[in-house]
Amino acid sequence: MAAAGAGSGFPPGAGTEPLAAGRASPGGLRSVLGALVSPRTWLAVIHLLAGLVIGIVAFTAVVVGIGLGIGLMPIFLVGIPVLVGVIWLAGLGGRAERARFAVLLGAVIPAPAPLPDEPRGWRRMNLLFLARSTWLPTVYALIRLPMSAIQAVAVTAVWGVGLALIALPAYNGALPGGSAHLGSFALNNLAWVALGVATGVALVLAAPTLTRALAAEDAAVARWLLGPGRRARLTARIGELETSRAGVVGAAETERRRIERDLHDGAQQRLVSLAMELGRARAKFASDPQAAEAIVGQAHEQAKEALTELRNLVRGVHPPVLSDRGLDAALSGLAALSPVPVTVRVDLAERPPASVEAIAYFVVAEALTNVAKHAKASRALVTVTRSGNLLNVAVSDDGIGGASVAGQGLSGLAARVAGIDGRLLVTSPDGGPTAIEAVLPCG
């Protein structure tokens, strides 16, 4: 870990902690115990138990509706509107289910593409009954009940039996027969009771893992039945890639123009001036050596300024220290140059790929530039961690907020990040602290 600047991090409650997306959780026993009280675990429990109630309602409505529709079909095809109503209700239920998965599990399931406007009349009725986006929600409504019943029984059993066994010493003697019985076997001595308590502890510790696994399986089924089909997902993915490619090309063109402008307006002008000064000095060497010496001195200063500008330009393209010593040293150098005190925390067991390092560097560079120019902050924090195949780069400050991913600097960064399938997240309420996080794949 490297630190630069006057700060030593933000105090608790300052509201400047980096975003938590993709952050690794502690391992071992601490992680297991933390899962017991984790909101994610209990939201999954609520989700699975609520699914049973929703399954009963959905199954009843769909079965009754389909039966009524088929039964009324001989009566002047009155059953057709009933079946259409069932499909419509199933579609509404699918929309509600996608919202439930997003709220309780954080699983975002995209809605399937709407049906085309054509054809009309009876041909459209045929399309309505055959389209994947209309009949699959009906299938989901039918399987919701049996699937939720299995899930609810499994979750209730593992939590209930585990807690009952842990509390066994408190009520074992009050049970009929003086002890708990498993068939004809009685837990009537201390060793068996202790074994029961140990089994209960093991069940309770395993319960969060089972609960989350069932919730993940539930989300996978819902994504298959309520989300867009494989072809639609591929089409959407192709569109995302095309947009990402266009953004990367645009960002590269903007960067090329910036380099061209900096060379033309900065280093090139100084080099032209340097050549003119040296020409004046050569013309005066014979007639006025002292004036020539003064001009050479001025030319020397201009040469040093031109070198400084070229060095800064090269650093803007790709800083040499990043290639030589990695993100830790490069970000510490950025922090040292910042007028706002910056704390840098880098925790990387191994270096990510060079392209990912470069994007991470420029995310921090642009974020710190924004902090210095616009945030009116008194300190900033840069945190770089790696969780599996994701590199998390977070920059936060205690300034006045107002940063937007639509701004010129951050929009270019967002395009570069999206070019490698990463995400740039910006939290910047007006009048509050700003947090910018880039989540970059580096596997």
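Numbering of residues begins at 1 and proceeds along the displayed sequence.
With L368 as reference, V382 is the one residue of V382, D397, I436 to meet the side chain to side chain contact (heavy atoms under 4.5 Å, CB included) rule. For the side chain to side chain contact (heavy atoms under 4.5 Å, CB included) test with L48, the passing option among L43, V155, L104, T156 is V155; the others fail.
Here the CZ-OG1 distance, from R345 to T385, works out to 12.0 Å after rounding to the nearest 0.5 Å. Separation of atoms NE2 (H300) and CD1 (I295) is listed at 16.0 Å; rounding is to 0.5 Å. For the atom pair CG of L440 and CG of N392, the computed distance is 8.0 Å after rounding to the nearest 0.5 Å. Note: I400 CD1 to K376 NZ = 5.0 Å, rounded to the nearest 0.5 Å. One finds the CD1 atom of I46 at 10.5 Å from the CG atom of L105 (value rounded to the nearest 0.5 Å). L334 contributes atom CG, which lies 11.5 Å from atom CD of E366 (distance to the nearest 0.5 angstrom).
For W42, the ring-ring contact (aromatic ring centres under 6.0 Å, His included) partners at least two apart in sequence or on another chain are W159. R100 is linked by a side chain to side chain donor-acceptor pair (under 3.5 Å) to H47, E97, counting only residues two or more places apart in sequence or in another chain. Taking the salt bridge (Lys or Arg N to Asp or Glu O under 4.0 Å) definition, one finds that R40 meets it with nothing, sequence neighbours left out. Partners of T41 by side chain to side chain donor-acceptor pair (under 3.5 Å), not counting sequence neighbours, listed by chain and number: R212. With sequence neighbours left out, the side chain to side chain donor-acceptor pair (under 3.5 Å) criterion links E217 to Q151.
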message: Evaluate D218 against R144 for side-chain contact (heavy atoms from CB on, under 4.5 Å), listing each step before the verdict.
response: CA-CA 9 Å; D218 198 27; R144 178 74 272 172; 2.8 Å; yes

task: Could you walk me through whether S332 and D328 pass the side-chain contact (heavy atoms from CB on, under 4.5 Å) test, one step at a time?
output: CA-CA 6 Å; S332 296; D328 197 342; 3.7 Å; yes

message: Test side-chain contact (heavy atoms from CB on, under 4.5 Å) on N370 and T434; report intermediate values, then the result.
response: CA-CA 10 Å; N370 287 344; T434 296; over 6 Å; no

field: Stepwise side-chain contact (heavy atoms from CB on, under 4.5 Å) check, L36 with L205
entry: CA-CA 7 Å; L36 289 173; L205 292 179; 3.8 Å; yes

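Looking at every heavy atom in both residues, A90 comes nearest to P137 through O-CB, 3.7 Å. Annotation for L163 and V204: closest pair N-CG2, 3.8 Å, computed over non-hydrogen atoms. Closest approach of L83 and G65 over heavy atoms only: CD2-O, 4.3 Å. Nearest heavy atom pair, residue E357 against residue P352, reads CG-CG, 3.5 Å. Closest approach of A154 to L214, counting heavy atoms only: CB-CD1, 4.0 Å. Here the closest heavy-atom approach between residue V62 and residue A141 is recorded as CG2-CB, 3.6 Å.
At least one side-chain heavy atom of L391 sits under 4.5 Å from a side-chain heavy atom of L348. Residues V393 and L327 are not in side-chain contact: their nearest non-hydrogen atoms beyond the backbone lie 4.5 Å or more apart. Contact of the I166 side chain with the L203 side chain is not registered, since no non-hydrogen atoms from C-beta on lie closer than 4.5 Å.
Applying the salt bridge (charged side-chain N to carboxylate O under 4.0 Å, His left out) test to residues at least two apart or on different chains, none of the pairs has a partner in residues 153-162.
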